[in-house]
Amino acid sequence: QVQLVESGGGLAQPGGSLRLSCAASGYFFRIASMGWYRQTPGKQRELVASITAGGNANYDNSVKGRFTISIDNAKYMAYLQMNILKPEDTAVYYCNADLYATMYSPSSDNFWGQGTQVTVSS
């Protein structure tokens with residue numbers, strides 16, 4: 001069974017920084033891609049950033065230049081460095097991963113973490 005566990009959320013002041021981590025564990029062969037989504041009450045979950053195992057990153061326009069996603073394939077970890085935080089970044093942040101179950105798997109399976117709260121407030 002695969003688990004994604006997020007850490008690093010909390011309270012930050014506007015203009016401050018936080019770093020989120022996501023650890024993938026359990027039975028799988030390798031990472032296809034990982035990403036971070038966020039959700040606020042009453043709104044749909046939205047993509048913040050994603051990255052392939054090869055390191056190709058994609059960002060929502062609202063975080064470009066402020067957030068950086070990275071991946072460590074050897075440790076099965078993904079990170080989201082969040083700088084110049086704004087109150088509108090306040091949300092529950094979810095880790096998402098596409099993982100290949102075995103070396104023969106024709107496609108990847110998708111998994112979600114439980115989420116970590118990020119609050120930006122003075």
Chemist: If you round to the nearest 0.5 Å, how far is OG1 of Thr40 from CD of Glu88?
Modeler: 11.5 Å
Chemist: Using links of under 4.5 Å between side-chain heavy atoms of ILVMFWY residues, direct or through other members, which residues join Leu47 in one cluster?
Modeler: Tyr37, Val92, Tyr94, Trp112
Chemist: List, one per line, each side-chain donor-acceptor pair under 3.5 Å for residues 78-87, sequence neighbours excluded.
Modeler:
{"residue": "Gln81", "atom": "NE2", "partner": "Asn83", "partner atom": "OD1", "Å": "2.9"}
{"residue": "Asn83", "atom": "OD1", "partner": "Ser17", "partner atom": "OG", "Å": "2.9"}

Chemist: What's the separation between atom CZ in Arg38 and atom CZ in Arg45, rounded to the nearest 0.5 Å?
Modeler: 13.5 Å
Chemist: Take atom CD in Gln114; do more than 12 heavy atoms of anything else shown fall under 6.0 Å from it?
Modeler: no
Chemist: How would you list, by chain and number, every residue that makes a side-chain hydrogen bond (donor to acceptor under 3.5 Å, both in side chains) with Asn61, sequence neighbours excluded?
Modeler: Lys64
Chemist: Any side-chain heavy-atom pair from Ser108 and Leu99 closer than 4.5 angstrom?
Modeler: no
Chemist: For the backbone of Thr116 and the side chain of Glu6, can you confirm whether one donor and one acceptor N or O come within less than 3.5 Å of each other?
Modeler: no
Chemist: Quick one: which residue pairs count as a salt bridge (Lys or Arg N to Asp or Glu O under 4.0 Å) with a foot in residues 110-122, not counting sequence neighbours?
Modeler: none
Chemist: List the steps and the verdict of side-chain contact (heavy atoms from CB on, under 4.5 Å) for Ile71 and Ile51.
Modeler: CA-CA 7 Å; Ile71 193 169; Ile51 187 167; 3.9 Å; yes
Chemist: Roughly how far apart are Tyr100 OH and Ser105 OG, rounded to 0.5 Å?
Modeler: 8.5 Å
Chemist: Is atom CD of Gln1 surrounded by more than 12 heavy atoms (other residues, nucleotides or ligands) closer than 6.0 Å?
Modeler: no
Chemist: Atom CE in Met77, atom CG in Leu4: separation rounded to 0.5 Å?
Modeler: 11.0 Å
Chemist: Taking side chain to side chain contact (heavy atoms under 4.5 Å, CB included) as the definition, give me every residue that meets it alongside Ala53, ordered by chain and number, with sequence neighbours left out.
Modeler: Asn73
Chemist: Rounded to the nearest 0.5 Å, what separates atom CZ in Phe67 from atom CG in Leu18?
Modeler: 9.0 Å
Chemist: Between Asn96 and Trp36, is any pair of side-chain heavy atoms under 4.5 Å apart?
Modeler: no
Chemist: What distance separates Tyr59 OH from Ile69 CD1, expressed to the nearest 0.5 Å?
Modeler: 6.5 Å
Chemist: Would you say that more than 12 heavy atoms from the other residues, nucleotides or ligands in this model lie under 6.0 Å from the CD of Gln3, or not?
Modeler: no
Chemist: Ignoring hydrogens and angles, write down the donor-acceptor pairs under 3.5 Å from the side chains of residues 19-35, residues two or more places apart or on other chains.
Modeler:
{"residue": "Ser33", "atom": "OG", "partner": "Asp98", "partner atom": "OD2", "Å": "3.2"}

